[in-house]
A.B. asks: 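Once you've had a glance at the structure underneath, I'll fire off some questions.
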Amino acid sequence: MTVVGPEAPLGLGIVDSFRAHNLKIFGPSQNAARIETSKSFAKDLCTQFHIPTPRWKMFTSESEAIGALDGFGPPWVVKADGLAAGKGTTVTRNKREAEAAIHRELQREPGRIVLEEFIDGWEATFMATVSKGQVQWLTPVFQDYKPLSDGDAGPNTGGMGCFTPIPTVTPSLVEKVRGSILSPVVAAMEKVGVHYQGVLNLNAIVRRGSEEPFMLEFNARFGDPEGQGAVMLVEKGLASHLSSVAEDLDVAEPPQCRQGVCVVVVLASKGYPASPTTGDKIMIRPVPDENVTFLHAGTSKNSSGELVTAGGRVLNVVATGDSVERARKAAYSTIKSSVQFKGMQYRTDIGAHRARRRELAS
Ligand code: GLY
């Protein structure tokens with residue numbers, strides 16, 4: 001069985017090709033992956049089926065979008081319509097910056113740009129498996145850290161780390177997210193003839209001082225790095241669960257998770273996210289703590305067989321424990337003792353804030 005990690009092959013139709021060759025694969029079809037590959041497809045569905053999402057509009061030209069800014073902010077939320085490796089959203093109080101974001105994203109994908117209402121709240125990632133048209137398993141809920149640097153400074157990245165549990169996530173909020181967003185969007189896709197199968201990853205915002213969740217974005221795959229944290233919390237049943245979902249079966253038993261505390265710190269290469277350098281030698285010493293695991297992402301071997309950097313986000317340091325504070329300490333002391341490469345970048349505040357509010361670029 002193949003489990004598809006990144007969105008690009010899903011968008012190119014890898015699942016359809018594998019199925020056409022009778023190869024078992026976990027993930028949505030190209031058509032269903034539009035829930036991630038086209039923001040306007042996802043937002044249209046939400047609008048049409050009354051699924052809570054911030055007010056939005058898609059524009060086809062720079063002048064139209066710039067002309068509409070005053071109707072949306074400040075603050076402004078500017079989003080690329082298509083895939084942008086998690087870096088396509090700008091949230092800012094600065095109108096010039098909003099205009100620059102419109103210009104930049106339209107260069108990347110001409111003719112499609114989305115403006116969205118700003119909601120003051122905190123974000124969380126809800127990951128669900130979907131099989132036979134039903135939400136089957138909701139993993140532990142994580143909070144992701146998108147900006148590059150401590151204190152949410154610097155440019156947006158695909159995600160520099162995450163942690164669970166978020167103290168403000170209650171069982172009633174999780175049920176609300178399932179009942180008002182996840183299950184309705186799967187049903188909405190069925191109604192428009194799109195059958196969804198795989199993981200549906202929801203980046204939600206919960207309005208400050210309320211338990212009112214809104215859909216910000218969907219991913220057609222596990223969140224990165226939230227997926228790395230979720231799988232480390234599973235005690236058993238993951239492979240059989242993914243196998244049932246890949247076959248679109250009714251899934252009676254979701255995987256069993258230990259009561260979950262997890263902190264994931266991403267180690268990124270020099271120059272990430274603008275221009276990551278590759279080929280830097282990575283030194284890894286034995287990890288002294290059994291609660292800490294290194295998961296490889298952008299790594300490779302050079303012609304001499306040495307481990308080298310091969311992408312922006314190089315390694316994930318995943319720590320579990322009985323409290324976020326202890327897991328944090330374990331992750332950071334292991335980074336100091338056990339891993340090094342030239343220009344290595346990481347945030348030192350993953351898990352240090354509980355339920356951070358959405359921050360503004362300026
Ligand atoms: N962490 C968000 C994403 O996977 O894009």
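The residues of the chain are indexed from 1 along the displayed sequence. In listed order, ligands and their atoms are each counted from 1.
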A.B. asks: Closer than 4.0 Å to some heavy atom of Glu226 - which atoms of ligand 1 meet that?
C.D. replies: 1 (N), 2 (C)
A.B. asks: Suppose I only count heavy atoms of Asp144 and a 4.0 Å limit; which atoms of ligand 1 are within that range?
C.D. replies: 1 (N), 2 (C)
A.B. asks: Assess Lys146 for proximity to ligand 1: is some non-hydrogen atom of it under 4.0 Å away?
C.D. replies: yes
A.B. asks: Using a strict cut-off of less than 4.0 Å between a Lys/Arg side-chain nitrogen and an Asp/Glu carboxylate oxygen, indicate whether Arg96 and Glu99 qualify as a salt bridge.
C.D. replies: no
A.B. asks: Tell me, please: is Arg221 in heavy-atom contact with ligand 1, that is, under 4.0 Å?
C.D. replies: yes
A.B. asks: For ligand 1, which atoms sit closer than 4.0 Å to a heavy atom of Gly223?
C.D. replies: 4 (O)
A.B. asks: Under 4.5 Å between side-chain heavy atoms, counting indirect links through other Ile/Leu/Val/Met/Phe/Trp/Tyr residues: same cluster for Trp56 and Ile102 or not?
C.D. replies: no
A.B. asks: Does the distance from a Lys or Arg side-chain N to an Asp or Glu carboxylate O, for Glu247 and Lys24, drop under 4.0 Å?
C.D. replies: yes
A.B. asks: Kindly indicate, with the supporting measurements, whether the criterion side chain to side chain contact (heavy atoms under 4.5 Å, CB included) is fulfilled by Leu307 and His296.
C.D. replies: CA-CA 11 Å; Leu307 188 67; His296 289 241; 3.7 Å; yes
A.B. asks: Is it true that Gly159 lies under 4.0 Å from ligand 1, counting heavy atoms only?
C.D. replies: no
A.B. asks: Can you confirm whether more than 12 heavy atoms, excluding those of Lys281, are under 6.0 Å from its NZ atom?
C.D. replies: no
